[in-house]
Number of protein chains: 2
Amino acid sequence: MSSSLKDVAARAGVSARTVSNVVNGSARVAPETRRRVQEAIDELGYRPNLAARSLRAGRTGIIGLAIPELHSPYFAELAGLLVDEARRRSWTVVIDQTRGGAEAERRLLTGDGGRVMDGLIISPWALPAEDITAAARPLPVVLLGERSPHGLADRVAVDNVAAADEATAHLLSLGRRRVAAIGLQPHLRNGTAELRAEGYRAALRRAGIAPRPAWERPVTALHRSDGARAMAELLDAGAEPDAVFAFSDELALGALHTAHERGLRVPQDVAVVGFDDIEDGRFSHPTLTTVSPDKGQIAARALQCLADRIYSPRHDLPAADLTVPHRLVVRGSSATV
Amino acid sequence: MSSSLKDVAARAGVSARTVSNVVNGSARVAPETRRRVQEAIDELGYRPNLAARSLRAGRTGIIGLAIPELHSPYFAELAGLLVDEARRRSWTVVIDQTRGGAEAERRLLTGDGGRVMDGLIISPWALPAEDITAAARPLPVVLLGERSPHGLADRVAVDNVAAADEATAHLLSLGRRRVAAIGLQPHLRNGTAELRAEGYRAALRRAGIAPRPAWERPVTALHRSDGARAMAELLDAGAEPDAVFAFSDELALGALHTAHERGLRVPQDVAVVGFDDIEDGRFSHPTLTTVSPDKGQIAARALQCLADRIYSPRHDLPAADLTVPHRLVVRGSSATV
DNA sequence: CTGAAAGCGCTAACAT
DNA sequence: ATGTTAGCGCTTTCAG
C-alpha cells in the first residue's frame with residue numbers, strides 16, 4: 001500500500017495537521033518544519049488520497065461529460081476543449097458515451113450506481129429536455145444544444161434557427177432554387193434538428209419558395225454514411241436539387257461522397273453547406289462551406305455555468321440560457337462558379 | 001445535502017448493515033425487510049457516495065486515459081472504444097490530453113495532485129518509455145504504441161515495422177519507384193515513427209531501391225495541415241514522387257489536399273497510402289488506402305492488461321507485450337489505373 | 001505555530 | 001438474519 005499522511009507525519013516527527021498544512025499551503029508553517037515535512041513526502045513518495053479528501057469535502061472535483069459518441073469529429077473537438085478548460089479549473093472530466101440511448105442518458109443523470117460527479121455537461125439526444133432536468137435534480141446540469149423547457153437547467157448553444165437560416169440564404173444567394181435539407185430526425189424528438197429545419201424553411205419562404213417535403217431527407221444517425229445514403233435517396237427520388245444544406249459536416253461530407261460517385265460536380269451541379277466546422281471540411285475536396293460555432297466559447301461557458309452552481313451557496317440561481325456566436329465560413333463547396 | 005445510508009436505515013427501521021446488504025446484494029436479506037429498505041431508498045432518492053466506498057475499498061473504479069489529443073480522429077475512435085469497454089467492466093474513464101508535452105505526461109504518471117486512478121492507459125508522445133515506467137510505479141500502466149524498454153510495463157500495439165513494410169511494398173507492387181514517406185519525427189524520440197520509417201526503408205531495399213533522405217519528410221505534428229505542408233515541400237524540392245506513404249491518415253489526407261491543389265491526379269500521378277483507417281478516409285475523394293489496426297482489439301487488450309494488474313494479488317506479473325493484428329485496406333488512392 | 005481528535009459515508013468483522 | 005462498531009485517509013475545530 002502507498003503511504004498516508006500519517007506515515008509522513010511520523011517520519012517528519014510532526015502531527016498530521018502540520019503535514020496537511022504543508023500539502024495544502026493552508027496555514028503558516030515554520031520554514032524548518034516545512035522543509036522536514038517536504039523531505040519526508042519526497043522520501044515516501046506520498047500522494048494525497050483523493051477519495052478521502054472528497055469524502056471530507058463533499059465534492060469530488062470530477063465533472064461528467066455525456067455525449068452521443070466520441071467517435072464523431074464535432075464531439076471529439078468539443079470534448080478536447082472541455083477537458084482543457086476543466087484542467088484549468090483543476091477539474092477532472094469523465095466521459096460517457098450515450099450512443100444515442102435514452103436509457104444511458106437517464107442512467108447518467110440519476111446517478112445510478114452512485115454519485116461521483118459534482119456536475120454534468122450533457123448533449124442530449126434521445127431524452128426530451130423536460131425529462132432531463134427532472135431526472136438530474138439535484139445534480140447541477142448544463143445542456144448543450146437542446147433547449148430546456150421552463151428554464152430548468154442552464155443551456156449553452158448557438159442560435160440554431162438563425163444559423164440554419166443564414167446557411168440556406170447563402171445557397172439561395174448563389175441563385176440556387178431547389179435547396180434540399182439533409183438531417184431531420186422526426187422519430188427522435190431531437191430539438192436541434194427541429195430548430196435547424198425551422199431556419200431552413202424560414203429562409204426558403206422569405207425567398208418566395210415553398211418548402212417541399214421531398215426536399216427534406218431524414219436520417220437515423222449523423223455519420224458520413226447516413227449523409228451519403230440520404231443524398232442517394234434524394235437523387236433517386238428525382239428531386240434534382242441544385243443545393244444541399246446538411247445539418248452537420250459529417251452528413252455533408254457523406255453527401256459530397258455520393259455526389260462524386262454520381263458524377264455530379266460540386267459546386268457547379270450541386271452546392272453543399274454543412275454545420276459544425278470540423279477539421280475534415282477544411283481539407284476535403286472540395287473544401288466544405290459550413291456554419292462554424294465558436295466551440296471554445298461553448299466549452300468555456302458551459303464550465304462557467306457549472307462552476308457557478310457548484311460553488312454557489314445559493315441553490316436558486318436562475319437558469320442561464322447562453323447563446324454562443326457562430327459564423328458562416330464559405331469555402332469551395334459553395335464557391336461562386 | 002443528499003441522504004446517506006444512515007438516513008435510509010433510520011427511515012426503514014433497520015441498521016446500516018442491512019441497507020448496505022440490500023444495496024450490494026452481498027448477503028441474504030428477508031424479502032419483507034428488503035422491500036421496506038428499497039422503499040426508503042426510493043423515497044429518499046438515496047445514491048451511494050462513491051468517495052466513501054472508494055476510501056473503504058482502496059480502489060476508485062476510475063482508470064485514466066492519456067492521449068496527445070482528443071481532437072484527432074484516431075485517438076477519438078480509440079477513446080470511444082475504450083470508454084465502452086471500460087463501462088462493460090464497470091470502470092469509469094477520465095481522459096487527459098497531454099498535447100504532446102513531456103511535462104503533462106510526467107504529471108499524469110506521478111499522480112501529482114493526488115491519486116485518483118486505479119490504472120493508466122497512455123499513448124506516450126514526448127516521454128521516452130524508460131522514463132514512463134520509472135515515473136509510474138506503483139501505478140499499473142499500459143502503453144499504447146510505444147515499446148517499453150526492459151519489459152517494465154504492459155504494451156499493446158500493431159507490428160509497426162511489418163505494417164509499414166506492407167504499405168510500402170503495396171506501392172512498389174503498383175510499379176511505383178519514387179516512393180516518399182511523410183511523418184518522421186526525428187526531434188521527438190517518437191518510437192512509433194521510427195519503427196514505421198524502418199519498415200518503409202526495408203521494403204525499398206528489398207525492391208533494390210536505396211532509401212533517399214530527400215524522400216523522407218519530417219513533420220512537427222500529425223495534423224492534416226502538417227501533411228499538406230510536407231507534401232508541398234516534397235514537390236517543391238523536386239523529389240517528383242510517384243507515391244507517398246504517410247505515417248497517419250490525417251497526414252495522408254493533408255497530402256491529398258496539396259496534390260489536388262497542385263493539379264496532380266491521385267492515384268494516376270501519385271498514389272497515396274495512410275495509416276490508422278479513420279472514418280474520413282472511407283469518404284474522402286479519392287477514398288484512402290490505409291493500414292487498418294484492429295482498434296477494438298487494442299481497446300479490449302489494454303483493459304484486460306489493466307484488469308490483470310489491478311485485481312491480481314501478486315505484483316510481479318511479467319510485462320505483456322501484445323501485438324494486435326492489422327491489415328492493408330486498398331482503396332481509391334492507390335487503385336490500379 | 002502545532003497537537004489531539006472528531007467525523008465525512010461506507011463496508012465487513014464480530015456479535016447476537 | 002440483522003445489529004454494533006472500527007476504521008479507510010483526510011481536513012478542521014478546539015486546545016495549547
Side-chain angles (χ1 to χ4, degrees), chain A residues 1-41 44-62 90 111-118 138, chain B residues 1-41 44-62 90 111-118 138:
Chain A
M1 233 9 235
S2 56
S3 45
S4 80
L5 200 145
K6 222 181 264 177
D7 302 331
V8 176
R11 176 152 195 135
V14 298
S15 80
R17 163 74 200 257
T18 303
V19 178
S20 178
N21 283 340
V22 170
V23 172
N24 299 302
S26 33
R28 309 194 66 72
V29 179
E32 165 58 16
T33 314
R34 165 179 306 271
R35 201 193 49 73
R36 277 221 320 285
V37 171
Q38 189 58 54
E39 209 171 273
I41 287 177
L44 294 171
Y46 167 74
R47 295 285 177 273
N49 177 323
L50 259 32
R53 192 178 275 177
S54 299
L55 178 56
R56 204 36 251 234
R59 264 191 270 111
T60 60
I62 295 176
S90 306
D112 279 15
R115 294 232 176 266
V116 236
M117 312 177 297
D118 292 340
Chain B
M1 231 11 235
S2 57
S3 47
S4 79
L5 199 142
K6 224 182 261 175
D7 302 330
V8 176
R11 176 153 196 133
V14 298
S15 79
R17 163 75 201 256
T18 304
V19 179
S20 177
N21 283 341
V22 169
V23 172
N24 300 302
S26 32
R28 309 191 68 72
V29 179
E32 166 58 15
T33 313
R34 165 179 307 269
R35 201 193 47 73
R36 277 220 321 286
V37 170
Q38 188 57 54
E39 211 170 272
I41 288 177
L44 294 172
Y46 167 74
R47 295 285 178 272
N49 178 323
L50 292 196
R53 193 178 275 178
S54 299
L55 178 56
R56 204 36 252 230
R59 265 190 270 110
T60 60
I62 294 176
S90 305
D112 280 15
R115 294 233 176 264
V116 235
M117 312 175 298
D118 292 340

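Just so it is clear: chains get the letters A, B, ... in the order the sequence lines come, proteins before strands, and each one is counted from 1.
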Do [X] and [Y] touch side chain to side chain, with heavy atoms closer than 4.5 Å?
X: A:V23; Y: A:I41; value: yes
X: A:R53; Y: A:N24; value: yes
X: B:I62; Y: A:I62; value: yes
X: B:S4; Y: B:N49; value: no

message: With nearest nucleotide decided by heavy atoms, which residue, A:L5 or B:R56, maps closer to the 5′ end of DNA chain D?
response: B:R56
message: If you assign B:A57 and A:V23 each to the DNA chain D nucleotide with the nearest heavy atom, which residue ends up on the more 5' nucleotide?
response: B:A57
Taking [atom1] from [X] and [atom2] from [N], how many angstroms apart are they, rounded to a whole number?
X: B:L50; N: C:dC8; atom1: CG; atom2: C1'; value: 15 Å
X: A:I41; N: D:dC10; atom1: CD1; atom2: P; value: 10 Å
X: B:D7; N: C:dC10; atom1: CG; atom2: P; value: 9 Å
X: B:N49; N: D:dC8; atom1: CG; atom2: P; value: 18 Å
X: A:L55; N: D:dT11; atom1: CG; atom2: C1'; value: 11 Å
X: A:N24; N: D:dT13; atom1: CG; atom2: P; value: 13 Å

message: Looking at D:dC10, I'd like to know if its phosphate oxygens (OP1 or OP2) sit under 4.0 Å from a side-chain N or O belonging to A:S20.
response: no
- request: Look at the side-chain N and O atoms of A:R53 and state whether any lies under 4.0 Å from the OP1 or OP2 oxygen of D:dT11.
  value: yes
Might you point out which heavy atoms bring [X] and [Y] nearest each other, and give the distance in Å?
X: B:G61; Y: B:D118; value: N-OD2, 2.7 Å
X: A:A40; Y: A:R11; value: CB-CG, 3.9 Å
X: B:Y46; Y: B:L5; value: CE1-N, 3.4 Å

query: Axis-to-axis angle across the helix from C:dC1-D:dG16 to C:dT16-D:dA1, five pairs an end, to 10 degrees?
result: 40°
task: For A:S54 and A:L50, indicate whether the former's side chain and the latter's backbone hold a donor-acceptor pair under 3.5 Å.
output: yes
Output a table of nitrogen or oxygen pairs between the protein and nucleotides 2-4 of chain D separated by less than 3.5 Å.
residue: D:dT2; atom: OP1; partner: B:T33; partner atom: OG1; Å: 2.5
residue: D:dT2; atom: OP2; partner: B:A30; partner atom: N; Å: 2.8
residue: D:dG3; atom: OP2; partner: B:S15; partner atom: N; Å: 2.6
residue: D:dG3; atom: OP2; partner: B:S15; partner atom: OG; Å: 3.0
residue: D:dG3; atom: OP2; partner: B:T18; partner atom: OG1; Å: 2.9
residue: D:dG3; atom: O6; partner: B:R17; partner atom: NH1; Å: 2.7

message: With a 4.0 Å cut-off on N to O distance, would you call B:E39 and B:R36 a salt bridge?
response: no
